[in-house]
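Side chains are part of it too, since the values below use all heavy atoms of this structure and drop only hydrogens, waters and symmetry mates. Chain A is the first sequence line, chain B the second, and so forth, proteins listed ahead of strands; every chain is numbered from 1.
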There are 2 protein chains.
Amino acid sequence: MTEKLDRRKARTRQLLHDALMALLAEKNAEAITVTDVTERADINRGTFYLHYRDVGDMLQQLKDGVYDGVRACVERLDIADAMRYIDLEEPYPVSVAIFEEIARHGEFLRIMLGPQGDLSFAIRLRELFSSRVHAKLQLLSPDDTAIPTDYLVSYIASANFGLVLHWLGTGRALSPERMSRIMVNLMNYGPLVSSGIRKAPGREG
Amino acid sequence: MTEKLDRRKARTRQLLHDALMALLAEKNAEAITVTDVTERADINRGTFYLHYRDVGDMLQQLKDGVYDGVRACVERLDIADAMRYIDLEEPYPVSVAIFEEIARHGEFLRIMLGPQGDLSFAIRLRELFSSRVHAKLQLLSPDDTAIPTDYLVSYIASANFGLVLHWLGTGRALSPERMSRIMVNLMNYGPLVSSGIRKAPGREG
DNA sequence: CAATATAATGAACACCATGTTGAATAATGT
DNA sequence: ACATTATTCAACATGGTGTTCATTATATTG
């Protein structure tokens, strides 16, 4: 299936990959040159072009790989399912799996979604959440609400994406299970009630 | 105070500014060269360097200007104030003013916060919201909540920033007043209740 | 208006990363 | 051991960079 695995090719790709990752941690992606990568990897500059068109192309392949992994998890999300876990002990398994997948590529995502990162990639991931939220929301949402559905979707997607960004930015200190619970809770009660600033009208204080 | 206003300098700056804005609408900011800008502006390439160090420097000055304008508005935000407008007819004036300020730089912000845009600028703006939310939240929030304050702040800041992004991305079709009401409503009741998917426990359906 | 100061121009320059080529060398799979 | 394929090395033209300097054009000031 993956057809070719010449040791030399694999080695070169790995060296280039490691070099790029190291450089990404140091400087802006747009500022990284082919020369930078090949010098760092101790690979002939011409060899680079036997594998990738340019640095942007190489980075794109990395991004695509990570994106596909996350997408496979996010596609299992279901708001109605998530709501059933609101006051349960155990966290919503699908969102736990998403956080675990994100953690697998934690370092790469931290960089690509940080200040030195790539806005188009961030938007693409955010859109992934959005489209999933949108698909499931349509089935549930009445149309007579004061809030247009597209804004609602943006709100939910951005808010949860924001949780992910903060998680990545703080070294993923909390467990995927904990993150999952926070997410479901905020989704249901809203930020003010969840934080205890405002009491939920029907619950005991 | 602003010391210098030689007509020639102002004219050159304006031409370069217009050229850069036009190019930003066409291609990735990182791909815009000094030659691009000066050719578009019909200005000698050398002249560019009498005003800016490079394209990044020029763009930075534009970003700083817009940022400062938004910051001046955001600094007036107060969550406790906003909560008082939850079920009122009129929108919260401070957030209306923020949307109006954003609209003033709408085209620039739409580009800089879109796929061709600048993630570090987006993060900087998001941080602006965050710091404001954080400052006001500390005064209100009990510490015994299940949700760490920093995640709560990220959630709120990202969610509202997401509303702004969607507003910019859809041609700012809704009025600042309408946006303000949507924002306050979502903040208070959370996405599910605000959308009517879940009933607020204490309110009439 | 005239005198002085300041800006913009055009041309030239060395510099550096690019992307490509072709011949030589090395490592690999079988 | 052999044919295949990957990597290396040197060289090349290209194009944007950042700087300089003499020249020209345009403002500001008295």
Is there a side-chain polar atom (N or O) of [X] under 4.0 Å from OP1 or OP2 of [N]?
{"X": "H51(B)", "N": "dA7(C)", "result": "no"}
{"X": "R8(B)", "N": "dT26(D)", "result": "no"}
{"X": "R45(A)", "N": "dG19(C)", "result": "no"}
{"X": "T47(B)", "N": "dT9(C)", "result": "yes"}
{"X": "T35(A)", "N": "dT18(C)", "result": "yes"}

Along DNA chain D (nearest heavy atom to each residue), the more 5'-positioned of D36(B) and N44(A): N44(A)
Considering heavy-atom distances to DNA chain D, does I32(B) or R7(B) have its closest nucleotide positioned more toward the 5' end?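 Result of the comparison: I32(B).
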Can you tell me which nucleotide in dG10(C), dG18(D), dT18(C) comes closest to the side chain of V34(A)?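 Selected nucleotide (nearest to the side chain): dT18(C).
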For the side chain of I43(B), starting at C-beta, report the closest nucleotide among dT9(C), dT18(C), dA8(C).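 Looking only at side-chain atoms, I43(B) lies closest to dT9(C).
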Would you kindly give the [atom1]-to-[atom2] distance between [X] and [N], to the nearest whole Å?
{"X": "L16(B)", "N": "dA7(C)", "atom1": "CG", "atom2": "P", "value": "14 Å"}
{"X": "D57(B)", "N": "dT17(D)", "atom1": "CG", "atom2": "C1'", "value": "15 Å"}
{"X": "F48(A)", "N": "dT7(D)", "atom1": "CZ", "atom2": "C1'", "value": "15 Å"}
{"X": "R11(A)", "N": "dG29(C)", "atom1": "CZ", "atom2": "P", "value": "14 Å"}
{"X": "Q14(A)", "N": "dA6(D)", "atom1": "CD", "atom2": "P", "value": "18 Å"}
{"X": "K9(A)", "N": "dG29(C)", "atom1": "NZ", "atom2": "P", "value": "12 Å"}
{"X": "L5(A)", "N": "dA6(D)", "atom1": "CG", "atom2": "P", "value": "12 Å"}
{"X": "Y49(B)", "N": "dG10(C)", "atom1": "OH", "atom2": "P", "value": "16 Å"}

Any side-chain heavy atom of T47(B) sitting closer than 4.5 Å to one from T38(B)?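 When only atoms from C-beta onward are counted, T38(B) and T47(B) do not touch, as no gap falls below 4.5 Å.
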Heavy-atom distance under 4.5 Å between the side chains of L163(B) and S158(A), does that happen here?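 No, side chains not in contact.
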Pairs touching residues 51-60 of chain A that satisfy side-chain hydrogen bond (donor to acceptor under 3.5 Å, both in side chains), sequence neighbours left out: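 As it turns out, the side-chain hydrogen bond (donor to acceptor under 3.5 Å, both in side chains) pairs with a partner in residues 51-60 of chain A, which skip direct neighbours, are Q60(A)-D64(A).
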Closer than 3.5 angstrom, by distance alone: can the side chain of S194(A) be matched with the main-chain N or O of N185(A) as a donor-acceptor pair? yes
Looking at every strand, decide which applies to L50(A) at a 4.0 Å heavy-atom threshold: base, sugar-phosphate, or nothing. base
Which word best sums up how the rings of Y85(B) and Y92(B) line up, parallel for under 30°, tilted for 30 to 60°, or perpendicular for over 60°?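 Rings of Y85(B) and Y92(B): tilted, 30 to 60°.
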